Colleague: 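Quick one: the structure is below, questions incoming.
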Number of protein chains: 2
Amino acid sequence: MSTRSTEGGAAGGERRPRADVARNRARLLAAARELFAERGEEVSLPDVARAAGVGMGTAYRHFPTLGDLVEAAAEDRFAGILAHARALADGGGRDPVPDYLRHVGEVLEADRGLSAAVEALRGTPGSAPLGRTRAELEEAVGVLVEHSRRHGTVRPDLTVADIHLLAGAISATVRTGSGPWRRLLDLTVPGLRPDTGGHAAS
Amino acid sequence: MSTRSTEGGAAGGERRPRADVARNRARLLAAARELFAERGEEVSLPDVARAAGVGMGTAYRHFPTLGDLVEAAAEDRFAGILAHARALADGGGRDPVPDYLRHVGEVLEADRGLSAAVEALRGTPGSAPLGRTRAELEEAVGVLVEHSRRHGTVRPDLTVADIHLLAGAISATVRTGSGPWRRLLDLTVPGLRPDTGGHAAS
DNA sequence: ACCTGAACACCGTTCAAGT
DNA sequence: ACCTGAACACCGTTCAAGT
């Protein structure tokens, strides 16, 4: 079926974007990554447009809200965390949880600006970001917790939600630079061990 | 140099403010507390002025920046935490640290809006807030850690900075509502016990 | 079909005029 | 000496005109 190249055929669905459109998107994303890394949350869409060398209308067309741009910029970082979690799950180590948490901390630390930008857009209208990836991560981390429980390296009541809770705490510490997040990890991990949960403070 | 009564004498220093000035300040603070509690960080000085029933110029005169207002609004909360820490120190209990952390969580939880407002002003130009109170808190918490070490209820390498690190993590969890902060406490406290620090994850 | 940036709308801050 | 709020400045978003 020979169609005009721009308007996609009814069957295919995903029509290939025009070359300049794709290039603009790529430029915007590249500029956004740089700016987020440099200035974190204090970046506007016009800033990104200027840095990318495109009109601001174009920026708004590609990413209607700054949140969309942040999400796109953070996508592969999130995917990286997911990949690491899966690798740990497949590796079948006895005690993958500390490793996972450390990896999260390192990734967030590697680009604090982006971390701040991501955080700044929590609760912004229209931010249920990365739905599928999030679900996949949940599953992968679930496997880690399961493994650990079976090997007796963590307390039996530990859940996936707990790991996210800790990851969130580490994330906040990294972001605000309010302290050495590795120390937080050192203080926290021992509390995840078996037979520590029983005699909580009265 | 004989001066008019309004211009403070060289000796006394603290001159008493005019009645309406004091009243305006009180109104602004009351309005600010309400608004912070309701809407957290999305509050502007003109908002507060309107709610207080004073001109916005007056608001800017009393509190040149929103940060000053937040600081003033959060002052007694901070003082309350300090008082609690001192009470625990005087109480001489064997294991005051979990109690202290729980108290911090409860106070922050009681007014999340204010917590968010306080956090939103970290790193804003001119925010080395509550310098003296902060130093006093440091000292009080130091006593708690000291007591605990002596009683053997915490690991010997635990420091005041560690407690602030944990308090910050709890604070972030409370603020963002990203999870049950009490659970975070339960997961964390066991890791503070003695003989847990030695065999950290490789 | 997409791009551009001037025009618009909005919100925080200042300061001239009033008490 | 302090208060008020209209005027100003700034910044994010839209959309009419251009390619």
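The shown structure was predicted, so the numbers you read here are calculated from the model rather than taken from an experiment. Below, read A as the first sequence line, B as the second, and so on, with proteins coming before strands; counting in each chain starts at 1.
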Colleague: Hey, can you pull the residues of residues 20-35 of chain B with a non-hydrogen atom under 4.0 angstrom from DNA chain D?
Modeller: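 Per residue number, the list reads Val21(B), Asn24(B).
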
Colleague: Arg94(A): what forms a side-chain contact (heavy atoms from CB on, under 4.5 Å) with it, not counting sequence neighbours?
Modeller: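 So Arg94(A) forms a side-chain contact (heavy atoms from CB on, under 4.5 Å) with His151(A), Thr153(A).
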
Colleague: Holding to side-chain contact (heavy atoms from CB on, under 4.5 Å), I want the full list of residues that pass it with Arg86(B), two or more places apart in sequence or in another chain.
Modeller: Leu82(B), Glu136(B), Ala140(B)

Colleague: Only counting residues at least two apart or in another chain, list the ones meeting ring-ring contact (aromatic ring centres under 6.0 Å, His included) with His164(B).
Modeller: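 His164(B) satisfies ring-ring contact (aromatic ring centres under 6.0 Å, His included) with no residue once adjacent residues are dropped.
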
Colleague: Starting at CD of Glu42(A) and ending at C1' of dC11(D), how long is that distance when rounded to a whole Å?
Modeller: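 My rounded result for the distance is 14 Å.
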
Colleague: Mind checking what makes ring-ring contact (aromatic ring centres under 6.0 Å, His included) contact with His62(B), not counting sequence neighbours?
Modeller: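 For His62(B), no residue satisfies ring-ring contact (aromatic ring centres under 6.0 Å, His included) once neighbours in sequence are set aside.
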
Colleague: For Glu106(A), what residues pass the side-chain contact (heavy atoms from CB on, under 4.5 Å) criterion, not counting sequence neighbours?
Modeller: Arg102(A), Trp181(A), Arg182(A)

Colleague: What integer distance in Å separates Arg61(A):CZ from dC3(C):C1'?
Modeller: 8 Å

Colleague: Do any N or O atoms of the protein come closer than 3.5 Å to N or O atoms of nucleotides 5-10 of chain C, and which pairs are they?
Modeller:
residue : atom : partner  : partner atom : Å
dG5(C)  : O6   : Gly57(A) : N            : 3.2

Colleague: Which pairs pass salt bridge (charged side-chain N to carboxylate O under 4.0 Å, His left out) with one or both residues in residues 58-67 of chain A, sequence neighbours excluded?
Modeller: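 Of all non-adjacent pairs touching residues 58-67 of chain A, none passes salt bridge (charged side-chain N to carboxylate O under 4.0 Å, His left out).
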
Colleague: Decide, yes or no, whether a salt bridge links Asp47(A) with Arg39(A) under the criterion of side-chain N to carboxylate O below 4.0 Å.
Modeller: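 Result for this pair is yes, salt bridge flagged.
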
Colleague: Sequence neighbours left out, what passes side chain to side chain donor-acceptor pair (under 3.5 Å) with Asp76(A)? Give chain and number order.
Modeller: none

Colleague: Would you write the dot-bracket representation of DNA chain C, where each base gets (, ), [, ], | or . depending on whether it forms a Watson-Crick or G-U pair under 3.5 Å and with which partner?
Modeller: ||.|||||...|||||.||

Colleague: Given atom NE2 of His62(B) and atom P of dC2(D), what is their separation to the nearest angstrom?
Modeller: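 Answer to the nearest Å: 8 Å.
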
Colleague: Within the structure, does a side-chain N or O atom of Ser44(B) lie under 4.0 Å from either OP1 or OP2 of dG12(C)?
Modeller: yes

Colleague: Over how many whole Å does the gap from Leu45(B) atom CG to dT4(D) atom P extend?
Modeller: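 Taking CG of Leu45(B) and P of dT4(D), I get 14 Å after rounding.
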
Colleague: Look at atom CD of Glu139(A) and say whether more than 12 heavy atoms of other residues, nucleotides or ligands are closer to it than 6.0 Å.
Modeller: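 Atom CD in Glu139(A) is not crowded, with 12 or fewer foreign heavy atoms closer than 6.0 Å.
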
Colleague: Taking side-chain contact (heavy atoms from CB on, under 4.5 Å) as the definition, give me every residue that meets it alongside Pro64(A), ordered by chain and number, with sequence neighbours left out.
Modeller: Asp68(A)

Colleague: Output all residues satisfying salt bridge (charged side-chain N to carboxylate O under 4.0 Å, His left out) with Arg77(A), sequence neighbours left out; order by chain, then residue number.
Modeller: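 In terms of salt bridge (charged side-chain N to carboxylate O under 4.0 Å, His left out), with neighbours along the sequence ignored, Arg77(A) is linked to no residue.
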
